[in-house]
Amino acid sequence: MNQRTGRLRGKVALVTGGAMGIGLATARRFAAEGAFTYIADVEKPAPGELSVEGAEEITYVDLDVTDEVAWAEAVDDILERDERLDILVNNAGVIDYAGIADVTAEAWARVVAVDQTGVFLGTRAALKPMLAQRSGSIINLSSAWGVVGSEGVAAYQAAKGGVRGLTRNTAVTYARDGVRANTVIPGWIRTPLAERQAEEKNAEVIGLTPLGFGGDPDDIAWGCVYLASDESRYVTGSELVIDGGLLAR
Amino acid sequence: MHDLTGRVALVTGAAQGIGHAVATALAEAGATVVATDVRDQSDLGDHIRTRSHDVTDAERWAAVVAEIEADHGRLDILVNNAGVSGYDQLHELSLEEWNRIIGINQTGVLLGMQHALRLMRPARSGAIVNISSICGATSVPGVAAYHASKHAVLTMTKNAAVSYAREGIRANAVLPGWIRTPLTLGQTDELNGAFLDATPMGVGGDPEDVAAAVCFLVSDQARFITGVDLPVDGGYLAR
Ligand SMILES: NC(=O)c1ccc[n+]([C@@H]2O[C@H](COP(=O)([O-])OP(=O)(O)OC[C@H]3O[C@@H](n4cnc5c(N)ncnc54)[C@H](O)[C@@H]3O)[C@@H](O)[C@H]2O)c1
Ligand SMILES: NC(=O)c1ccc[n+]([C@@H]2O[C@H](COP(=O)([O-])OP(=O)(O)OC[C@H]3O[C@@H](n4cnc5c(N)ncnc54)[C@H](O)[C@@H]3O)[C@@H](O)[C@H]2O)c1
């Protein structure tokens, strides 16, 4: 049914970091809107999460987004099965809380590899079918901490800032090839990542949020549905902020 | 697509172009739409209530919103879309022309938000979308007063977002790039060509593209979105 009526009917979508949190919510909304949906992650989603009522089963792909070879294989597998790739959400991410004086070279390299180089590798792999199709929508997850300064989180801030520049570059370079690229900038969202953070840090960010509450993964998922769908066909290079007003302050 | 059944919406400048598409899309999503303009709006269809209204006229704002209150007891959505362009460069801009453009594009938005807030604040809910422009976030030569007014719309939107967030009211801005409307189709080919050349996609957008962004922003799917600028511009601002 959704394959005929949904906002993403007939589209093929890949969401990285889709085992939990924002990525999982996004993949489930995509499936419910009629997309043939893949999630790529280094962890398996909880049992039952791949099934969405009235929708095609979501397919899990074991993929480390820092692995160049695995990216090529993952995209080839999707093309073999579904012959196209319309939507890529580069969502997989990790965080490190150290300030620049304390951040280790290992932690720095790890965060930049997943959060920034992973976006580059994913974008490059997806452009292969998208440029051939002359259509596609790429959605990259940055963060409010990719926009304004926050104490600590040095590597994360650098990588998330890098994602914004990379997205604009993708948008401008491939706009005439029918490929769109947009950044989503979440504020505080209730996910396993946020729940692992220190309680004071969470209370502080929610306290600073004008709307006065934390967001749910679905709040980001709906933004991704809009950017993935043809409703946003004239939107590229934009930054969709979903943060309860945090950055408007 | 979006279910806005039961919502009451007010759209300004709805006789043509972007406002016309927004009013039509909100009605299609199930909202009760009141459309206003200084021009004749008879082609909007019977399901949309039309009112004659100059957005610079505070008394008319009061009357239009009072009528909505009497008829529906609520106002959930306000789209401040009415706007005019002005092409004068700074050195040749008259004070009269400055006041005219600021009056419609900027003070008109202020009045709209003030009057809508009268109904939205007691209800502790509401969604406002103000139509700015790529000229609200960047600079192009000339269009001095238009620039100022559209930048002001962005800052006013953020001010409203931050001021009324705890009262459940959201305010966001949409920044259209080159959209095919009577406004742009009336411009010189030279100006239009320059805009489209500077647009990464290389083509213009349609009023429906802006309407889709507005429908998303006023829907519950955007309940965590406030104080943002959303361009619908074919990549113009990304350069
Ligand atoms: N939660 C928030 O408040 C918040 C705020 C701003 C930005 N974000 C961003 O949103 C994205 C999702 O965040 P979340 O809160 O859902 O996080 P999460 O930790 O709950 O989920 C992240 C997922 O990414 C996967 N992942 C990590 N490394 C990977 C790798 N190398 N390859 C493949 N998958 C990998 C994890 O296994 C996990 O399933 C991240 O990019 C994050 O930076 C989150
Ligand atoms: N078309 C574009 O490319 C473009 C780009 C950026 C921003 N915008 C903005 O979008 C909005 C709509 O533009 P459009 O292209 O549809 O223009 P348009 O000229 O086609 O339509 C504007 C409507 O506003 C009405 N209006 C003008 N002054 C008014 C007043 N004082 N009170 C009430 N109504 C009034 C007009 O009668 C007209 O029906 C404007 O705010 C404009 O600045 C348009």
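Each chain gets a letter, A, B and so on, in the order its sequence line appears, and its residues count up from 1.
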Winner by heavy-atom pair count (cut-off under 4.5 Å) against chain B, out of A/Leu240, A/Asp243, A/Val235, A/Ile189: A/Asp243

Region of B/Asp220 that comes under 4.5 Å of a non-hydrogen atom in chain A: neither

Over 12 foreign heavy atoms within 6.0 Å of CZ, B/Arg121: no

When A/Arg176, A/Glu239, A/Arg180 are compared by non-hydrogen pairs under 4.5 Å with chain B, the top option: A/Arg176

Toward chain B, the part of A/Asn182 with a non-hydrogen atom under 4.5 Å: neither

Heavy-atom donor-acceptor pair, B/Arg166 side chain to A/Pro210 backbone, under 3.5 Å: yes

Which of A/Trp222, A/Tyr226, A/Tyr174, A/Tyr234 touches chain B most, by non-hydrogen pairs under 4.5 Å: A/Tyr234

Closest approach of A/Arg168 to B/Ala238 (non-hydrogen atoms, all atoms of both residues): CD-O, 3.4 Å

Side chain / backbone / both / neither for A/Thr173 at chain B, heavy atoms under 4.5 Å: neither

Candidate pair A/Glu231 and B/His2, rule side-chain contact (heavy atoms from CB on, under 4.5 Å), full reasoning: CA-CA 12 Å; A/Glu231 291 155 41; B/His2 295 286; 4.0 Å; yes

When B/Gly177, B/Ala161, B/Gly204 are compared by non-hydrogen pairs under 4.5 Å with chain A, the top option: B/Gly204

Salt-bridge present (B/Asp206, A/Arg233; N to O < 4.0 Å): yes

Choice from B/Asn159, B/Leu237, B/Val203 maximising heavy atom contacts with chain A below 4.5 Å: B/Val203

Euclidean distance, A/Ile185 CD1 relative to B/Ile225 CD1, rounded to 0.5 Å: 11.5 Å

Parallel, tilted or perpendicular, as decided by the 30° and 60° cut-offs, for the rings of B/Phe224 and A/Phe213: tilted

B/Arg223 vs A/Asp218, side-chain contact (heavy atoms from CB on, under 4.5 Å): CA-CA, chis, key distance, verdict: CA-CA 10 Å; B/Arg223 63 168 200 142; A/Asp218 250 352; over 6 Å; no

From OG (A/Ser238) to CG (B/Asp233), nearest 0.5 Å: 7.5 Å

Partner chain B: residue of A/Ala248, A/Gly178, A/Gly237 with the largest heavy-atom pair count (under 4.5 Å): A/Ala248

More than 12 heavy atoms of other groups within 6.0 Å of A/Glu199 CD: no

Contacting region of B/Thr199 [heavy-atom separation from chain A under 4.5 Å]: both

Within 6.0 angstrom of B/Asp189 CG, more than 12 heavy atoms from elsewhere: no

